[in-house]
Structure formats: C-alpha cells, structure tokens
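For clarity, every value in this text was computed on a predicted model and none was experimentally measured. Only this structure's heavy atoms are used, side chains among them; waters, hydrogens and symmetry mates stay out. Chain letters run A, B, ... following the sequence lines, proteins first, then strands; residues in each count from 1.
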Amino acid sequence: MDLSFTPEQEAFRAEVREFLNDKLPKRLSGKVRQGKRLTKQDYEEWHAILNDRGWLGVTWPTEHGGPGWDVVQRHIFEEETTAAHAPRVVPFGLAMLGPVLMTFGSDEQKAHYLPRILNGEDWWCQGYSEPGAGSDLANVQTTAVRDGDHYVVNGQKTWTTLGQHANMIFCLVRTSKEGKKQEGISFLLIDMNTPGIEVRPIVLIDGEPEVNEVWFSDVRVPVANLVGEENKGWTYAKYLLTHERTNIAGVGFARAGLASLKRIAGEQQQDGRPLIENPFFAAKVAQVEIDLMAMATTNLRTLAAAAAGQAPGAESSMLKVKGTVIRQQINALARQAVGPYAQPFASESLDEGANAEPVGPDYALPATQAYFNNRKLSIYGGSNEVQRQIIAKAILEL
Amino acid sequence: MDLSFTPEQEAFRAEVREFLNDKLPKRLSGKVRQGKRLTKQDYEEWHAILNDRGWLGVTWPTEHGGPGWDVVQRHIFEEETTAAHAPRVVPFGLAMLGPVLMTFGSDEQKAHYLPRILNGEDWWCQGYSEPGAGSDLANVQTTAVRDGDHYVVNGQKTWTTLGQHANMIFCLVRTSKEGKKQEGISFLLIDMNTPGIEVRPIVLIDGEPEVNEVWFSDVRVPVANLVGEENKGWTYAKYLLTHERTNIAGVGFARAGLASLKRIAGEQQQDGRPLIENPFFAAKVAQVEIDLMAMATTNLRTLAAAAAGQAPGAESSMLKVKGTVIRQQINALARQAVGPYAQPFASESLDEGANAEPVGPDYALPATQAYFNNRKLSIYGGSNEVQRQIIAKAILEL
Amino acid sequence: MDFRLTEERQMLQDALRRFLADTVTPEGIVEATGTATGFAPALWEQLTELGLPGAMFTEEQGGFGGAGFDLMVVFEELGRAGLSVPLVETVLSGALLDAAGMPVDDLAGGQILALAHTEPAARYDLNRVDTRAERTAEGWRVIGQKAVVHHAPAAKAILLTARTSGAADAEEGISLFLVTPADVTLRDYPLQGGGRAAELTIDATLPESALIGPAGTAFDALQTAHARATAALCAEALGMMETVKTLTVDYLRQRRQFGQPIGKFQALQHRMADVLIEIEQARSAVINLCGNLDGPDRDLHVSATKNLIGRTARLVVEEAIQMHGGIGMTMEYALGHFAKRLTMVDHRFGDTDYHLERFIRQAKSRAS
Amino acid sequence: MDFRLTEERQMLQDALRRFLADTVTPEGIVEATGTATGFAPALWEQLTELGLPGAMFTEEQGGFGGAGFDLMVVFEELGRAGLSVPLVETVLSGALLDAAGMPVDDLAGGQILALAHTEPAARYDLNRVDTRAERTAEGWRVIGQKAVVHHAPAAKAILLTARTSGAADAEEGISLFLVTPADVTLRDYPLQGGGRAAELTIDATLPESALIGPAGTAFDALQTAHARATAALCAEALGMMETVKTLTVDYLRQRRQFGQPIGKFQALQHRMADVLIEIEQARSAVINLCGNLDGPDRDLHVSATKNLIGRTARLVVEEAIQMHGGIGMTMEYALGHFAKRLTMVDHRFGDTDYHLERFIRQAKSRAS
C-alpha cells in the first residue's frame, strides 16, 4: 500500500502543469472559472491546443493519435486540467464514438473519422435517448429501413447534448423488431446536414439550451455508415457506455466546485462574519469535503484495479452515485451560500463581453445555475436508480 | 382554524394533572424517569390506581367501564401522563383485545373477560407474529384443529412482548388451508397455563428479555374460546391493528425524550461548555425539535379528523413513520450526548434497590439502552417499510 | 382545537382556486415575467376584486381578514398556481404602515408598495442597514443601495429603510421613508421562478414628510412585517409543494418504463411516501406559524417553520426532478417553473440555517 | 500509488483471518466478557504467537511492522471477528513509551498495559486532566479518577496521566506515570459490545521512578498515541462493517417474505446499495488515515476518518437491523453483537461531531 505517486508520475504532473501554464488561454480559464457561457469556438480552440500537443484523445492508443497514457496519467491530467479551469473536452467524438470505431468500425471508418475527430473537422453528438425510453435505453423506436444502398431513418432522439453545434450524430436505430428489444438495434453514423433532420433546442431550468431534440423524417443514410454488423448495435452501445465512464466520479469537478464554494463562503458575510466561519455552514462544507477525500481514494483504488487489468464491476456504479451526490451537495451549498442574490435571473451577463454587469456578486448566478443544471448528474449516464440496481444485483445475485 | 384547547378541555387537563399529582406514586415516576426496570408489580400497581379512578380503559365506552372520552381528551391524558413519567399502560388487554371483544366477542366473552382486564385478574399477551412471517402477518402457520369441544393448537409465536408476565394470550391460528392466506385464520383466546405451552425469553441487544417465543404442542383450547366465527380471524386481526394505532405518533414519548435529551446535554461538558451550547449538537437537537413541533400538529389534525368521524387513511401510516423516526433520532442524540459513558454495560444498576451504583452519570446506561431498544419502533406494529407501501398505494392507486 | 376553515375562508379558497385554475397558465407566467412590471396588471385587478389584498387586513384596517389563517388560505392558493403577484409586498407594507399609525386602506384596495430594506451586504440580517439618512435644512438626505427589491418596477411608491443613527448593525436607529420612483434609480431584472425585482440606488433629498413614524424606531415593525411575510411565503411554498406533488404523482402513474408505470417501482414508491410525509409536516408547520402569528411565541414559530419549509422544499424539488428524469429539468414542462420558484423560497427572509440558528436563540430565551 | 498489500501483510492477513474464523465464536465472546479480564488469555497468547503485538511495532522497536497499513491489516481482521483483545492498548502504550524513549519490546511480546487517561468530566478532550500529581519528599502524591479504562482488569500495569502543573485544560503540564494495580482501586464492568473496563481511583504516593519521560510534556505523545489508536479503531470498525454486510446480504438472499427473498424488494435493494457505497467510502477513509499516519497531515486525516467512520457505522448498524427486522435486535443472532460493538466505536477517542469540529480547525490551520 502506498498513497504517493511515483517520481515518474510526479514528473508527468509537472509537465502537464507547465503545459497548462503556457498554453491554456487565460481568456478561456477565466470564463470557466467565472461560470460564463462557452461558445462552440471556445471548445474548438481548446481542442486544437490539446491536439497540437497530442493530448486530445486521452484514452486513445498512440496508433490512432492518442498519447497512450495509463489510467494514472489520465487521472493526473484530469486533476490538473480541472484545477486549472480548462474547458472540458467535449466527449462525444473523443470519449464515446472513438473507442467504438477503434474496436468495431471498418478500416475505412477508422481512417476517415478518427483523424477528423482529433482535428475538429467533425463535431459529434449522441443519438441514444428517445422520449419514451428514459432509463430503458434499449427501448429504441427510431427505425432504419434498408432501401438499396441506404437506410431510411424515421423517429426522434432527445437529450442530445450540444447537438446544436454538431455536424455528425451517432445513433441507435431499430433495424429489426424480432426477438428481445436488445436485439434488432443497429449503430449508425449520420450526417446532420442530410435532408429530413431537424434539431430543436430544449431549454432547461437554468435557462440554457444545452440539450436538443433531433427529428428524423425519411433521412437517407448510406449503408457504409453502419458500424459493425446490422442488429448488433446494442453490443457496441454497451461498450460505449462502459467507456463513457472513464471519469465517472468527477473528482476534479468536485474539487473545483469545493474550492469555488469555499471562496464564495469566504466572501459572503453573515452577522458580520464570513459565512465559512458560521459553524452550521462550516459543518456542511467540512462534511462534504471529508466525503470527497474518501471518494477520491475510492476512485484511485478503482483506477489502480483497472490498471492492473481488473474489469470494473459495481465499483463504477458506486462512483457514479457517490460522485454525483457529492457534486450536487457542493452545488446546493454554493447556491445556499450566495444568499438573496440567488434570485436574480439576468442570464445575459453570462455571455463574454456582455454589456450587462452581473446582479450582485459575479459568482451568484453561475452558482445558482450550476445547482439547477447539475440535477442532471443523477439522471443522465444511467440514472442513480439504475446504478443502485446494478450494485444490488451484483452483490445479492438474485 | 384554532390551535387552542377549549376551556372544557383545559379544565380536563387540570383534572388529569391534579390526579397525577395526587395518585401517581413518586416511586413509580422516579423509576420511569431514570429508565429503571419496571416489574410486573409496578405495572399492576399503576393499572389498579387508574382503574380506581375509572381511567384505565381510555378507549373504552362507559358501558364497559371506560371513561367515554373523545380523542382530544385521550390525547390530553396521554400528554399529561407521559410528561409526569407515569408507567405506560400495558396495551395488550386494554388497547388491543378489549375493542375486539366488544365488537366481535360473544356476550359471555364480554361479561367474563372485559372486567378481568380492568381489574387486573388477567394479563394478556399477543400471539400474532410467527418466526417465518415478519411483515407478512397473514402468513400464519400455527394450526388449530377441531377435536370435539376443543381446538388442538400446534405451532410457534414470537416477539410476544412481556409474555413472561401473562396468564392469557390471544392468538391468530390457522383453521383452514383453503383459499387465500388471509382466509382460514381464526382468533383464539388461550390460557397460558394449559399443558403444552412453553414460553422462552428472547434477549434483545439492550440485554433485556422484553419479548418471548411461545411454543404450542397439542394445546387443547375450548371451542368457547373462539372469538367470532371460525376462519374470520383476519377481519378481527385487522380491526385490532387499526385500534392499536390510537397513539401511533408517540408525541408524548417524543416530548419526554426530548426533555431528557436536553437535560443530559445540559449536564455534559465539552471543551468547558455544556454540550447543548455546542453549535453542532444544538443544531441537531433544534432540528428534531422543529420536526416534533410539526408532527405534534399533524397528530392533532389527524385526531381532529377522527373526532369529526373521518376514517384515518394513510395519515396513521405517516404518523407511524415520522413519529418513530423522530423518536429514534432523539434516542440517537441522547446516546451521543452521554459520550464515553455509553460504553459500560452494568445493567444490574437498572433494578430498583440494586446495590450497584450506575457507572458514570445515572442517565448514561438508560440512554444507551433506549437507543438500542427503540430500533424496534421502526420494525414492529407494521414496519416502516410496510407503512411506506400503504402511503404510496393510497396516493398512486396502482 | 379546530382545523376546519371558517365558512368565509372556505369560500375565498374555493373562489380563488377556481379563478386561478381557469386563468393562470405556464405561458402566462413566463410572459408576465418578461413585461416591465413582472406581472399582469389586469390579473392583479381581478385578484383585488376577488378580495386578495383585503384578506390581508382586519376590518378595522379596511379589510376583512388579517389573521394568520387568512394569509395561509390566500397564499397557499397563489402557490398552487405558481404566479408572482405583489401580495407579499402588501403584507410587508401593511404591517409597516400600520405600526406607524398610518392608514392601510389603499393597500387593502390594491395599491402596490414595494419594500426596499435588504442591502447588498446584509444577506438575511434585518438589523444591517448601511443606507444613511441625515436631516438637513432641505429635508432628509438619503444615500445608499438596496438589493433585490421585489416588485419595485411595478410599485407606485417604495418604503425604504435608512439609518438615522447607530452602527451599521444596530437595531436602534433604523427609520422608514416613503419614496417615489423619481427619487431612486432602479436596475430591474427577472427573477428565478418568475416576477421581477430591482437593485435600487438612492442619492436624494426627501421632504420632511417622507419619514414614516418616529425616526430610528422601525426595527420592531420590520420584525413584525417579516414575520407576517414569512408566514405568507411559507404558505405559498406549501401550495407549490402541493402542485409539485400532483405533477409527480400523475407522472409516476402515467409514465411507463420497462413495461410498467414507474410508480410500480418500489424504490420510487417508498421515496414518494417520504415526500408525502414531509409535505404533511410542512402543512403542520405553516398551521403552527399562522396560528401563532399574533401570539407571544411568534418568532419561535417563524424560525421553526421557515427552517422546516426550506428543508422540505429542497427535498420535494430534488425528488420530484429525479423521479421525472430529464423532463423534470426542462422549462417545457410545468415542473421546471415550480422547481425554480420553490427553490427560491429559501433565499428570501432568511434561509434554513439562518432560521435554525435563530430558533435556537429563541428557544433558549423562552426557556430562561 | 499502490493499493495492494505487501506479501508479508497479505500472509499475516490470511493467517489471521483463518485463525480467527476457526477460533472465535459468538458464545466465546460472551463468555470471555463475563470473565475477570474480559478476554481469553489463551487466545491472546495465540495471537501473540501469530505476531499481532509485534505487527504494531517497527523492527527497531522489536517488532516487524509499525506502519499505518500494518495496523489496518490486523485491526480489520479483529473487527471482522468481533472480539475484544487489548491490542488497542498495546498501540496506545507503545506510542507513549516510545515517545518517552522507553523500550517497547515487552509490549511487542504480548505484555498488557492499560492507559488511564480520560476522566469522568473530560468527555473526549485530550487536554482535560484533573488528576493531580505533586512531588513530595516520598515521591509523587497522585490523586484523581479515571473513566472507562479499557482492559484495566487485565493489565499488569497501567500508564496513568496526571497533571503536574497548569490549569485543568492546559496542554502543558500533563505527565505520564506507570502505576501498578496495587496503587489504584478499580471498579470493573463489562462493555457494550464485549470486553471489560474499569473506573479507576488513585490516591497514592508513587516512587520517583514512576514518572515516564520529562514531567509536564506528555500531551504531544498522547496525541500521537491517540492518532494511532484511532487508526486501529477505525480499521476495526471497517472489519465489523464487512461482517455486518455479509450477514445482511446473506439474510436478504435467504429470508423469504410475501413469497420471495426479501432481497428482491427494490426498496431494500437500493438501500443496500447505499450501504455498500458507504462501506467503500469507509475503506477509503481508513486507507487515507493509515497512509498518512506518519505524515504532516496526520491529524486532519484522523478527524476526517473518525468522522466518516462514525457516520457510516451508524448507517450500517441501523440499516442492517432494519433490514433484518426483529431478529436483528436479538442477542441470539450474530448481528446483535456486531451492532453494539460497532455503535460503541463512536464513543471512544472522540465522536462524529467532535472530529468534525476538529477537522474544521485542522483544515483551517493547514490552509493558513
């Protein structure tokens, strides 16, 4: 047992830190720190900087242009980038589709799509969820019917994050209604510019159009865009869901959130003292910090096991639940901390260079928005109820 | 809307208070306050005092020797007796069997048993639960087979509270295996001195033999001891369970527990100050006090609705859950409050007149025992899980 | 002990519920928030005709209610409907004017006054007033800033507190002034959960007559006003919880997943049961406060109830969203609006922790 | 970063688990608690042969372990078995003697020393010592009382703290003495969850040589000793949680109600999942503490871990009993003993709240 990092790992951390110090634009880290809206261009700018260094596809092997890092390196990279307030890397092409294509895609698909993910030519979005499905992901109703060299796709996807920026979407579609619902699903790559596709933003309770509905009406997709075999899409989908979980615990986000919470509670005054010195508030902050200290170690233990070749079992479900609960608690405390200034909803101030000054402290609106927005954490990526089910099944074997 | 009591109700309260002041022996209230063990004789002494005044069968109509009180009077009586640290009234004959006999018993049964309950000739215990049943109460395996003028009873009952003191037991027995499990149950009155009955105490985690197993081997019970009709026992059992709930919220117990908790936390010193002034501890005490203030009003609302003739629905399940959770929280805080002296387990000091002085403060062991013992509150009388099920079913209607 | 409504209150409740159910729509709320005043003036007139402001005041004051349970009946219905109208302001202003011996019949008739008291650095401390007023030859010279003044954009006039003596956190020395919109600068904005408020800046000389009541003595009246307004807000929160409950129960019954209504899943059933229990607790807490609003334990109940409402609101909001899944987070579905509005209750008149601390002080001073 | 056990520790763990599984029975624990010493001396000898006391010390000290993870491995197994042996006392005494420059090889060989430090009015405050020691012509005149001295009935000698200078709560002025059973009066009793302890009264004159280390300087060593003992106790708690988990999972699988194993009920499944998550958290917290036991952030981790263990223990105990129903409350079934023993962890070396407050102080002093 040893909780410390090796000298090599510490050297790697120093290298990452130096890179961030040199290359992460202050404009971008400032926006992230202040909770401002990031534009499509902001993300693309950061992706390009990372790609220049070869550090964009962090989970990718070197043969496909990745850095070939082990899990501990990835963990260090994630810790450092989050602490430095770097924009998050948009995961749909890099963390989700990439690994699926590498494993199940044709050589042509690999050769065509993988470089375009890295160099930013394609912005991918995810077409998994459907309005009637919820946690029952395999309940795919969007159909793809073969017609010559094309599939004709009809149906609707929803919760498509940042779909408004995307030119490509990977979709689960139903190509057969025989057998169990998990059978008969195929995995299709679809150009968003194909006629018959309509994207409609969904405004969430934080007022932001983060997610979208995507409608398909007789959309013709070349058969060459099928990944792997027809009706085997559920296998690829599950593979993707497993790989989506590389940073499921969100330790870095939680730490950044905790630091921000302490800053806010240090500035807010109650009864003539900083809020952070109020024993009730201090107790809640300390409690979540203690939970986070333990959860960070649970995360490292899981990473170490993965590095030693053990397949993650219920552990990743445990990390999903605990990690999201901790982040939501931090969000709730930050909302509480801003006091009466949680009320104003002058969201135009979140745009970079907006003329509107924030109402009250500049951290007030982002903290409130984050509370509302991060209710999603326990819903998406397999709801916490689904995770608890997985955990219980694994141990009870009933 | 009016939260105050009428002048008549206030006069009644004064009358109860005067009675308690005059008639409740200081020896008994002292034992209750200090959490000492009550003997069978202690209970019998208090029952006799109440019966002398006609206040023993609080839910009984005057024709059967009860005081004929309304629900508000009963509530006031309960508030005052608990605040005065009176021993609780043993409920098995008075609150459980009595109402069943009045409603479903034969004239002979009423004439014979009801007076004996009041005058203390019979001490009843309850034969409902069985080892294999748990919350599935209708899963009765104890059989009663008709043989001439007798039933022959075989089987086992468990969790029989204070069964060691009882000379009579009312039992659910299976008289038929046809139909649903709720059918084929009968309600039998059994003399504990009948050959073939064995009582074995179960020691609980507080070290006390509060409950018992009762074994029946070819026990011959006169047919005259059947209540109502054969195979209709489940109806009577459910009636009893509803009437068991007259004080399901336990407001009086909770208030007494809170007062005791504050006394303990006022005496315990941490870092040179009374524990009750420690903000963390004070916050937890205040939180449960606030919950109790609201719950007491929920209780009164339910009582008022019952007085107005409304049948209690999911409300009594809500009171059961919230009432037991609050009491358990108070117990946990009292255990926390006693600090290191929660550890000694010198339970001989709980006997009246024992030579053994308590180890540490005299409240330490009773507080710790109460925490362990009152884990039962959320288990018995319909577990809190069963209550949540009832609440959800009532509103979801699924 | 009686938990039934009087006949008059029952009639008001029925009429109000029917009217709001027929009149208020989610779109209407959003639309109103986008207007200059943050609410629909025509609707306010109709509510005035129904007697809403009047129910806030006693007959002597020119109304026909004024007791805690009158507030409860009215605000629970407003909460159910989820709309923002300046009735809390009527409660606040009414208590302040009344304490100063001023007539309130205009308020009972629907006049809108805003209260500018809280300041940017005050958080929830009622005693912290940095805005200063000095008596000069021309009148009162008043300089300062006020934070999140609800319904200021709609108010014909504004009650404003300023310090005429004492340290920034002294209870003594706080005075009340009546100012016109022309005396102040407003920066107005929409609120999370509907309605509008403004940041207010004042740097003006007011006439002598602008002072309401004796100088330096407004703190007691502010406490009374906030006690009554807290009761109103808590009742409003209770109404919102009832709507969230209805939405969630309906959703659990209708939404199907894995081949059955999700309300059949036991884990959700048990959590819903806990939510229902806490909403009953919230109702009892509101009853406790409204029944003690004119009694000696008023402030104990203010803090007990605001604490419990704050905790319950968070549970109700978070569980309702979670049980709904994604749809619960969108503004397209009614829950979204209620979730935000109910969450904001904890950010006005003192939050859960603020009132827990205050409850401890109150309980201690009562015990001693 | 490496979370695997070294080969030596793995072997010790395996041997210990096997031995304890073969040797310890619920009846044996109850029986031992009823004896004069509160544990079975023969068992202690066997554990000594297995190397248990030795694993508490470094090679230089005469042992073969001594690191945080040595404590973790051993105490987790003791926790799993649920038995009371005086090994926490070995950790406490070892740290105190070592700090005073005294040899500890006897302790490594199985000698039993108790620590009499906590006093009836001290609660969890390490600095509060009312027992007084005065230097007289005959030696040290020591008068005072000590509370809940674990394993005092079994100890050959007792380390006892007394104040030689300073106020009752001063960190300076606390001195350490070695006393014999003949110097003190014990009132011994069984403990909730097994083992025995005693109230200790001393009114004696000790020889000069009874003083251990320089007078008045024991506080730092007491902190170190309690840090190590807290790590041991937390690891023991973790082991107990593992046993409670196994018992509960087995019960959920086997117990049938309403025609199916109760583990099929989703409400219980989800609650069990939360229990499992928290036990993983507890394991990580113990690792954090044991890995930092010799580092600069030791006290931060002591308090973080003791707080988390206290919260988790309560959850685990209460949920396990609830899921078992009535059987979980009886002493006839193994859970009862573990429930009591695990509950008592929060009553030694500072409870959940005590360490939360201490964590806040530690975190603040680290930040500044």
Side-chain angles (χ1 to χ4, degrees), chain B residues 129 131-136 138-139 158-159 181 202-207 210-211 268-272 275 278-281 283-284 328 332 335-336 338-349 356-357 359-361 365 368-369 371-373 375-376 378-380 383-385 388-389 392, chain D residues 33 118 120-125 127-128 147-148 150 168-169 187-195 197-199 255-259 262 265 267-268 271 310 314 317-318 321-332 335-337 339-340 343-344 346-349 351-354 356-357:
Chain B
S129 298
S135 291
D136 188 4
N139 186 10
T158 192
W159 313 128
K181 65 185 170 188
I202 302 173
V203 178
L204 295 184
I205 47 177
D206 60 355
E210 188 180 52
V211 292
Q268 283 285 315
Q269 300 278 315
Q270 180 158 312
D271 206 14
L275 180 63
N278 175 287
F280 295 3
F281 200 81
K284 291 183 189 176
Q328 290 179 333
R335 171 177 65 70
Q336 189 192 335
V338 301
Y341 277 115
Q343 299 172 90
F345 186 37
S347 75
E348 62 278 13
S349 65
E357 279 292 296
V359 179
L365 180 59
T368 311
Q369 300 292 76
Y371 169 75
F372 286 124
N373 184 270
R375 300 314 310 162
K376 75 185 175 195
S378 46
I379 296 171
Y380 74 2
S383 74
N384 284 11
E385 288 71 34
R388 289 195 181 90
Q389 207 67 36
Chain D
T33 299
T118 301
R123 204 170 163 89
Y124 303 116
D125 298 329
N127 50 316
R128 183 163 296 271
V148 200
H150 279 241
D169 62 353
R187 177 195 169 186
D188 74 307
Y189 44 78
L191 292 168
Q192 306 265 16
E199 300 299 289
R255 169 71 168 180
R256 296 179 70 85
Q257 226 166 272
F258 301 105
I262 60 173
F265 289 101
L268 296 189
R271 282 162 62 178
R314 186 174 162 199
V317 166
E318 294 185 356
I321 290 179
Q322 188 68 24
M323 291 191 203
H324 274 85
I327 189 76
M329 288 191 60
T330 72
M331 287 308 289
E332 301 176 5
L335 178 63
H337 168 69
K340 293 180 74 172
T343 300
M344 287 304 124
D346 209 39
H347 292 274
R348 210 177 173 197
F349 306 147
D351 67 15
T352 306
D353 277 355
Y354 178 90
L356 185 61
E357 216 170 334

How long is the span from the [atom1] atom in [X] to the [atom2] atom in [Y], to the nearest 0.5 Å?
X      : Y      : atom1 : atom2 : result
D:D351 : B:F281 : CG    : CZ    : 8.5 Å
B:E357 : D:E199 : CD    : CD    : 12.0 Å
D:D353 : B:L275 : CG    : CG    : 8.0 Å
D:I262 : B:D136 : CD1   : CG    : 11.5 Å
D:K340 : B:T368 : NZ    : OG1   : 9.5 Å
D:T352 : B:F280 : OG1   : CZ    : 12.0 Å

| said: Below 4.5 Å, heavy-atom pairs only: which of B:A342, B:G360, B:S383 has the largest tally toward chain D? | reply: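 Going by pairs under 4.5 Å, I would pick B:A342.
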| said: At a heavy-atom distance under 4.5 Å, which candidate from B:S129, B:S347, B:P344, B:G207 has the highest pair count against chain D? | reply: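 Most pairs with chain D among the choices: B:P344.
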I'd like to verify something: which residue of [options] has the highest number of heavy-atom pairs under 4.5 Å with chain B?
options                        : value
D:R314, D:E318, D:H150         : D:E318
D:D169, D:D125, D:L268         : D:D125
D:G195, D:A168, D:G336, D:P190 : D:P190

| said: I'd like to know if the side chain of D:Q322 and the backbone of B:S378 have a donor-acceptor N/O pair within less than 3.5 Å. | reply: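 At least one qualifying donor-acceptor pair exists.
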| Is the backbone of D:R348 close enough, under 3.5 Å, to the side chain of B:Q343 for a donor and an acceptor to pair up by distance? | no
Proximal component of [X], with respect to chain D [non-hydrogen, under 4.5 Å]:
X      : result
B:Q389 : neither
B:P361 : neither
B:E210 : neither
B:Y371 : side chain

Provide the closest heavy-atom pair for [X] versus [Y] in the form atom of the first, atom of the second, distance.
X      : Y      : answer
D:V148 : B:Y341 : CG2-CE2, 3.8 Å
D:R123 : B:Q269 : CD-O, 3.3 Å
D:M329 : B:R375 : SD-C, 3.9 Å
B:A346 : D:Y189 : CB-CB, 4.4 Å
B:D271 : D:R128 : C-NH2, 4.3 Å

Of the backbone (N, CA, C, O) and the side chain (C-beta and beyond), which part of [X] lies under 4.5 Å from a heavy atom of chain B, both, or neither?
X      : result
D:A267 : neither
D:T33  : neither
D:H324 : neither
D:R256 : backbone
D:Y354 : both
D:L335 : neither

| request: Output all residues satisfying salt bridge (charged side-chain N to carboxylate O under 4.0 Å, His left out) with B:R335, sequence neighbours left out; order by chain, then residue number. | output: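 Scan of B:R335 (salt bridge (charged side-chain N to carboxylate O under 4.0 Å, His left out), adjacent residues dropped) gives none.
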| field | By salt bridge (charged side-chain N to carboxylate O under 4.0 Å, His left out) - contacts of D:D188 (at least two apart) | value |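 In terms of salt bridge (charged side-chain N to carboxylate O under 4.0 Å, His left out), with neighbours along the sequence ignored, D:D188 is linked to D:R196.
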Test item: [X] and [Y] side chains (from C-beta on) under 4.5 Å apart, heavy atoms:
X      : Y      : answer
B:V211 : D:T330 : no
D:M331 : B:I205 : yes
B:Q369 : D:Q192 : yes

| query | Yes or no on side-chain hydrogen bond (donor to acceptor under 3.5 Å, both in side chains) for B:N278 and D:E357, after CA distance, side-chain angles and deciding distance? | reply | CA-CA 10 Å; B:N278 175 287; D:E357 216 170 334; 2.8 Å; yes
